[in-house]
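Below you'll find the structure I mean.
What you see is a predicted model; the values in this text were computed from it and never measured. Residue numbers start from 1 in every chain, and the chains themselves are labelled A, B, ... in the order their sequence lines are given, proteins ahead of strands.
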Amino acid sequence: MSIAELSEQEIIRRNSLQELRNMGVEPYPQAGYDVNVTTQDIRDSFDPEKGNFQQVSIAGRVMSRRIMGKASFAELMDEKGRIQLYFNRDEMCPGEDKSLYNEVFKKHLDIGDFIGVKGHAFITQMGEKSIFVKEFTLLSKSLRVLPIVKEKDGVIYDAFTDAEQRYRQRYVDLVVNPQVKDVFIKRAKIINTMREMFNERGYLEVETPILQAIPGGAAARPFITHHNALNIPLYLRVANELYLKRLIVGGFDGVYEFAKDFRNEGMDRTHNPEFTVMEIYVAYKDYFWMMEFTEQMLEKVAMALHGTTKVKIGEKEVDFKAPYRRLTMLDAIKEHTGIDISGMNEDQLRNVCKDLHIEVDATFGKGKMIDEIFGEKCEHHMIQPTFIIDYPVEMSPLCKKHRNNPELTERFELMVNGKELCNAYTELNDPIDQLERFQDQLKLSEKGDDEAMFIDLDFVRALEYGMPPTSGMGIGIDRLTMFMTGQESIQDVLFFPQMRPEKKAKTATPEDFVKIGVPEAWAEHVIKAGYASVEKLQEEKATQIHQKLNGYRKKNKLEITALQLDEVEKWIL
RNA sequence: GAUUCAGUAGCUCAGUCGGUAGAGCACAUCCCUUUUAAGGAUGGGGUCCUGGGUUCGAAUCCCAGCUGGAUCACCA
């Protein structure tokens, strides 16, 4: 990196780095640092009457400094929070040499540096629990300036809020916005709670392929890649459903996977190209059983996270206490439109759509029209957890037909806060029916539906060997985390949401200018004087460049030889 | 993909009618023995997102582009 690209403060920090080395202080020491306490331990448990925490050793990042002559205060932040440090010159440097305090601490320590300190806990005159520092060690120097965020009585000053920077440089976001960490700690807790529950019941956590030759299990556009050695296209999975069911065929009675899926579709507040889904399949169960399982699971997660089943989502309070309401799709439509569509044929449905001002075109079948009516008129009303059950068969090619009505399937989606959270089936295990459903998808594909499912003949073959009755359920972990933590954007529950790559501002280096004949002493200053590229410089007349650069030399009192015009003329030839 | 808003110092933001770019924090220098958004004084720091255009003159007006946000569309 050329010095020309650094800000004033960054240059100062690099100079400090060198000064420290000159003094024999290594800014990036190899040795570890023994830590025997966290900031939280001291905040929670320090009691001067008990006289505890009198030999503490703690490490973290310096987040603020207040220097007043021989005494100074600083804030140290570790993973658990912050604590104030008190530095006193004569305590730290009992002898004649005061350089550890005067030079290392006062001059060359910056906000963002990692240090380790040893000392004892005490309470200041202002009543704040603090550490009286006897010894300190620089553990790692920070060369970039962190945003400064201050807080007083819950009011945050100068918050680091720029969404683009927060997502691109999540590490900075996490350092200065502690509430961000909290969302991700909760996310881990959600996943752990679910995993513990599944393991207690004896279900097996498994891993299945992400690179798939046939991207099955969901209607979605896949990412495509290429395997060189096999010389075949491979797809990033859009779902893991078909692999998990193969494992049920193989004799496992309960399998689950926390899986990253990938869909090459639009991005918005609720969609990221890669996202996490938990799918679970349990043998000898049907979708009624799975509804009970799902509501128990969510109740448990809410309790583990909040100690209550009631969760605030925006202005609304959602109660995850089981059991949840069950409503068939047709009843939901009846409830919210007053129209009973059961038994209607395609033309009748088309008229209903027209009456409800729902746009449909000629290609829409019955299933798709029913789905449209539900999406337009019902979905957003489902604030409290509600199981919507019994979907039209056209929409669910992997789901078993309804035991009482062949036009429907035994499927449920769990709606929360007007959005889909879970999707589950009594799984289709009739291989002949499955093949026909795949063939129907192929017809859709031939009509131009680029999201129709591929035919997976190996999956059909697996079903031909026999799969026990099985129920399966999938739940979006990102969306669940959004609900459980009150975040409105998926970007706030992913550490590194997908972003368009940062464009490197193409800036010339001094070497580029040296190549066209610019003296080395001048190269850096040519850039600083405003010539961002060689081309830019060569567009101008030699006389103009000559004047501008010598003017720059004079203005900045540079101690380098002034340029001659004939010299400059040679650069632009 | 459409509409719309935004992009100015390391960070958060002002910037009037088009007339040489401002504040707070951070930073530097000096002074200062326990401060709490927290010492005081002084000072330095800018590709006003990029490229065109209009103009004597553009951070400001116009056009195009880049990046991000929001809304909508698409998306089980």
### Message
Rounded to whole Å, please give me the gap between NZ in A:Lys106 and P in B:U33.
### Response
10 Å
### Query
Which part of the nucleic acid does A:Phe374 contact within heavy-atom distance under 4.0 Å: base, sugar-phosphate only, or nothing?
nothing
### Query
Is A:Arg237 reaching over with its side chain to a backbone N or O of A:Asp261, donor-acceptor style, under 3.5 angstrom?
no
### Query
With sugar-phosphate meaning primed atoms plus P, OP1 and OP2, does A:Arg13 contact a base, only sugar-phosphate, or nothing at under 4.0 Å between heavy atoms?
nothing
### Query
Distance-only, no hydrogens or angles: does the A:Arg89 side chain make a donor-acceptor pair with backbone N or O of A:Tyr101 under 3.5 Å?
no
### Task
Test A:Tyr287 against every option in A:Thr409, A:Thr294, A:Thr426, A:Asp390 by the side-chain hydrogen bond (donor to acceptor under 3.5 Å, both in side chains) rule and name the one that passes.
A:Asp390
### Message
Would you measure the distance from the P atom in B:A59 across to the matching atom in B:G19 and give it in whole Å?
### Response
10 Å
### Query
If only side-chain N and O atoms of A:Arg500 are considered, is one of them under 4.0 Å from the OP1 or OP2 phosphate oxygen of B:G68?
yes
### Message
Pair A:Lys134, A:His120 - check side-chain contact (heavy atoms from CB on, under 4.5 Å), show working.
### Response
CA-CA 8 Å; A:Lys134 287 273 171 43; A:His120 63 266; 3.5 Å; yes
### Message
Surrounding CD of A:Glu488 (heavy atoms of other residues, nucleotides or ligands, distance under 6.0 Å), is the total greater than 12?
### Response
no
### Query
When all nucleic acid strands are considered with a 4.0 Å heavy-atom cut-off, which category describes A:Asp268: base, sugar-phosphate, or nothing?
base
### Euclidean distance for P, B:U35 against B:G40 (whole angstrom)
13 Å
### Task
Counting heavy atoms from C-beta on, name the nucleotide in B:C75, B:U34, B:G10 closest to the side chain of A:Ile148.
B:G10
### Message
For A:Thr161 and A:Arg269, find the nucleotide of RNA chain B closest to each by heavy atoms; which residue's nucleotide sits nearer the 5' end?
### Response
A:Thr161
### Query
Taking OH from A:Tyr167 and C1' from B:G69, how many angstroms apart are they, rounded to a whole number?
9 Å
#### Entry: A:Asn423 side-chain proximity, nearest of B:U33, B:A76, B:G68
B:A76
### Summary
To the nearest angstrom, the CZ-P distance between A:Arg89 and B:U33 comes to 9 Å
### Task
Quickly work out the A:Glu488 CD to B:A70 P distance and round it to whole Å.
10 Å
### Complementary nucleotide of B:U47, counting Watson-Crick and G-U pairs under 3.5 Å
none
### Query
Among side-chain atoms of A:Asn22 and A:Gln18, is any donor-acceptor pair under 3.5 angstrom?
yes
### Message
Would you measure the distance from the C1' atom in B:G22 across to the matching atom in B:A9 and give it in whole Å?
### Response
10 Å
#### Entry: P atoms of B:C30 and B:A70, separation to the nearest Å
47 Å
### Message
Determine whether A:Glu241 and A:Glu427 satisfy the following criterion, side-chain contact (heavy atoms from CB on, under 4.5 Å), listing intermediate values before the conclusion.
### Response
CA-CA 10 Å; A:Glu241 171 159 356; A:Glu427 300 296 335; 3.3 Å; yes
### Query
Hey, does A:Arg168 reach any base, or is it just sugar-phosphate, or nothing, if we go heavy atoms under 4.0 Å?
sugar-phosphate
#### Entry: Side-chain ion pair, A:Lys443 and A:Asp440, N-O less than 4.0 Å
yes
### Message
Need one value for A:Pro397: base, sugar-phosphate or nothing, where a base atom within 4.0 Å counts as base even if backbone is also close, heavy atoms only.
### Response
base
#### Entry: A:Arg221 side chain near B:C75 phosphate (N/O to OP1/OP2, under 4.0 Å)
no
### Inter-nucleotide C1' distance (B:A28, B:G44), Å rounded
7 Å
### Task
Describe the nucleic acid contact of A:Arg82 in one word from base, sugar-phosphate, nothing, applying a heavy-atom distance below 4.0 Å.
nothing
### Query
For A:Gln491, which contact category applies under a 4.0 Å heavy-atom criterion: base, sugar-phosphate, or nothing?
sugar-phosphate
### Message
With nearest nucleotide decided by heavy atoms, which residue, A:Val145 or A:Ala163, maps closer to the 5′ end of RNA chain B?
### Response
A:Val145
### Task
Please report, rounded to the nearest Å, how far the P atom of B:C75 is from the CE atom of A:Met395.
12 Å
### Query
For B:C25, what is the paired nucleotide under Watson-Crick or G-U wobble rules, both distances under 3.5 Å?
B:G10
### Message
Whole angstroms only, please: what is the CD1-P distance between A:Ile389 and B:A76?
### Response
23 Å
### Query
Is the closest basic N to carboxylate O distance between A:Arg166 and A:Asp492 below 4.0 Å?
yes
### Message
Measuring only the P atom in each nucleotide, how far is B:C62 from B:U4? A whole number of Å is fine.
### Response
13 Å
### Message
Just to be sure I understand the rule, does A:Met453 reach a base, reach only the sugar-phosphate, or reach nothing, if contact means heavy atoms closer than 4.0 Å?
### Response
base
### Query
Looking across every strand, which nucleic acid part, if any, lies under 4.0 Å from A:Ala220 by heavy atom: base, sugar-phosphate, or nothing?
nothing
### Message
Under a 3.5 Å cut-off for both contacts, is B:A70 paired Watson-Crick or G-U wobble with anything, and if yes, with which nucleotide?
### Response
B:U3
#### Entry: Among B:G10, B:A28, B:U29, the nucleotide that comes nearest once only the side chain of A:Lys107 is considered
B:U29
### Query
Between A:Leu146 (CG) and B:C25 (P), how many Å, whole number?
18 Å
### Query
Atom CZ of A:Arg166 and atom P of B:G7: how far apart are they, to the nearest Å?
19 Å
### Task
List the protein contact pattern of nucleotides 36-44 of chain B with one symbol per nucleotide (5' to 3'): B for base contact, S for sugar-phosphate-only contact, - for none; contact means a heavy-atom distance under 4.0 Å.
BBSB----B
### Query
Is NZ or CZ of A:Arg479 both nearer than 6.0 Å to the six-membered ring centre of A:Phe275 and within 45° of the ring axis?
no
### Task
Quote, to the nearest angstrom, the C1' distance that separates B:C25 from B:A6.
23 Å
### Query
What is the nucleic acid contact for A:Ala71, judged by heavy atoms within less than 4.0 Å: base, sugar-phosphate only, or nothing?
sugar-phosphate
### Query
Taking atom C1' in both B:C11 and B:C74, what distance in whole Å separates the two?
37 Å
### Task
Look through every strand shown and name the nucleotide pairing with B:G39 as Watson-Crick or G-U wobble, where both distances are under 3.5 Å.
B:C31
